Amino acid sequence: MPKLDESLLRDIPPFRRLETRAIREILDQAVPRRFDAGDAVFREGHEATRFYLLLDGTIRVMRTTPTGEQVISLHIPAGQLFGIAAALGRDTYPATAHCAGECLTLSWPMSLWQAFVARYDGFAEEGYKTVGVRVSEMNQRIMELATRRVEQRIAGALLRLVNQTGRKVEGGIEIAFPITRQDISEMTGSTLHTVSRLLSQWEKEGIVTSRRKHVTVTDPHRLVVIAEG
DNA sequence: TCATTAAGTATGC
DNA sequence: GCATACTTAATGA
């Protein structure tokens with residue numbers, strides 16, 4: 001296998017402050033892998049043997065309810081660590097990680113987490129910062145579920161997705177992975193019918209455009225106005 | 001204000 | 001041509 005290039009990690013926050021030699025050491029211990037859309041990288045409750053860096057794609061974090069339903073917990077954009085159970089003091093994964101589209105990852109044995117934290121400047125801070133951002137996002141969603149109307153929650157969810165994974169296209173910002181109305185309804189505690197109805201309405205009003213499994217926000221500001229109610 | 005039901009059309013392997 | 005994605009209207013909690 002060819003050696004991985006140092007430029008892969010150079011601009012990614014947990015590694016940004018490291019010297020080339022340190023990045024080389026880290027890469028030499030990494031296992032690269034490609035996943036197809038829908039593949040599970042790891043599953044909830046399984047022993048947390050490795051932690052991951054998402055090089056490309058989007059990860060959909062799913063939790064299973066007591067009745068066996070899968071609900072979308074959050075999405076993780078490219079460039080972030082995930083499956084970092086060791087940072088949470090756990091030895092099993094707290095959720096299942098599905099690939100929302102095609103994904104490229106690097107992974108390391110979880111036993112290296114403590115070594116990385118001890119040896120590499122800035123690695124620990126970035127890891128815990130990542131955890132903090134995710135916790136606050138989940139809190140924001142819990143607040144929304146309790147206090148906002150469906151229309152506001154769906155607008156908020158779309159804004160979060162374009163902020164995290166959006167890529168510029170002509171006429172707007174497109175959510176960078178395949179997403180269905182069913183997916184959006186699961187993220188917002190709604191139904192696919194309500195999401196469909198709202199997207200159709202917003203399309204008429206020039207706020208979004210969509211086709212099968214693709215959503216583009218054309219007027220983010222008006223979506224913000226809707227989200228804030 | 002929304003979910004649910006129902007009955008359709010559109011899309012892509 | 002089949003399964004999946006999506007739309008729309010009607011009904012009622």
Side-chain angles (χ1 to χ4, degrees), chain A residues 33-44 54 56-78 95-105 137-229:
Chain A
R33 184 158 167 203
R34 194 193 75 86
F35 293 89
D36 285 321
D39 287 352
V41 179
F42 53 77
R43 292 188 178 277
E44 179 175 354
L54 184 62
D56 193 28
T58 305
I59 293 290
R60 176 172 295 152
V61 179
M62 312 278 296
R63 298 292 313 271
T64 307
T65 65
T67 58
E69 284 172 293
Q70 295 248 299
V71 299
I72 296 173
S73 173
L74 53 83
H75 288 85
I76 295 173
T96 297
H98 281 287
C99 298
E102 188 180 313
C103 286
L104 295 172
T105 66
E137 180 183 335
M138 287 157 114
N139 277 332
Q140 188 192 342
R141 284 191 48 209
I142 290 166
M143 283 292 295
E144 277 185 5
L145 274 176
T147 65
R148 319 299 292 193
R149 289 177 286 112
V150 165
E151 184 187 38
Q152 299 174 304
R153 304 204 297 268
I154 293 172
L158 292 181
L159 285 169
R160 243 171 278 131
L161 290 172
V162 295
N163 284 334
Q164 288 167 356
T165 75
R167 60 171 168 232
K168 282 208 175 79
V169 294
E170 39 330 317
I173 309 167
E174 182 179 39
I175 294 170
F177 58 90
I179 186 165
T180 65
R181 278 118 182 91
Q182 175 79 48
D183 294 330
I184 297 170
S185 70
E186 285 174 16
M187 297 163 52
T188 54
S190 176
T191 65
L192 75 98
H193 310 276
T194 297
V195 173
S196 177
R197 190 176 48 74
L198 274 172
L199 286 180
S200 296
Q201 182 190 322
W202 289 343
E203 180 137 16
K204 283 183 193 129
E205 296 173 3
I207 299 170
V208 304
T209 61
S210 67
R211 55 202 163 86
R212 168 179 271 240
K213 288 192 178 184
H214 294 266
V215 177
T216 300
V217 175
T218 52
D219 192 342
H221 182 252
R222 280 216 277 159
L223 216 47
V224 170
V225 173
I226 291 168
E228 289 172 352

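In what follows, chains are A, B, ... by sequence order, proteins preceding strands, each numbered from 1. Please read these numbers as outputs of a predicted model, since none were measured by experiment.
Shown here for A:R181 and A:R211, the closest heavy-atom pair between the two residues is NH1-O, 4.4 Å. Nearest heavy atom pair, residue A:I226 against residue A:A155, reads CG2-CB, 3.8 Å.
Put simply, CD1 on A:I154 is 12 Å from C1' on B:dT1, counting in whole angstrom units. Across the protein-nucleic acid pair, A:L145 atom CG and B:dC2 atom C1' stand 14 Å apart, rounded to whole Å. The CZ-C1' distance, from A:R148 to B:dT1, rounds to 15 Å in whole Å.
Side-chain atoms of A:R212 and base atoms of B:dT11 include a donor and an acceptor less than 3.5 Å apart.
Neither OP1 nor OP2 of B:dC2 sits under 4.0 Å from any side-chain N or O of A:S190. The shortest distance between the side-chain N/O atoms of A:R211 and the OP1/OP2 oxygens of B:dA10 is not below 4.0 Å.
Residue A:E174 forms a side chain to side chain contact (heavy atoms under 4.5 Å, CB included) with just one option from A:T165, A:V169, A:V215, A:T218, and that option is A:V169. Applying the side chain to side chain contact (heavy atoms under 4.5 Å, CB included) test between A:H221 and each of A:V217, A:V225, A:L223 identifies A:V225 as the sole match.
Counting only N and O atoms by type, the side chains of A:Q201 and A:E151 include no donor and acceptor under 3.5 Å apart.
Sorted by residue number, the members of residues 191-205 of chain A with any non-hydrogen atom under 4.0 Å from DNA chain C read A:L192, A:H193, A:S196, A:S200.
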| task | Begin with the C-alpha distance, continue with both residues' side-chain angles, and end with the deciding distance and a verdict on side-chain hydrogen bond (donor to acceptor under 3.5 Å, both in side chains) for A:T64 and A:Q70. | result | CA-CA 5 Å; A:T64 307; A:Q70 295 248 299; 2.8 Å; yes
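Within the nucleic acid shown, A:S210 has no heavy atom closer than 4.0 Å to any nucleic acid atom.
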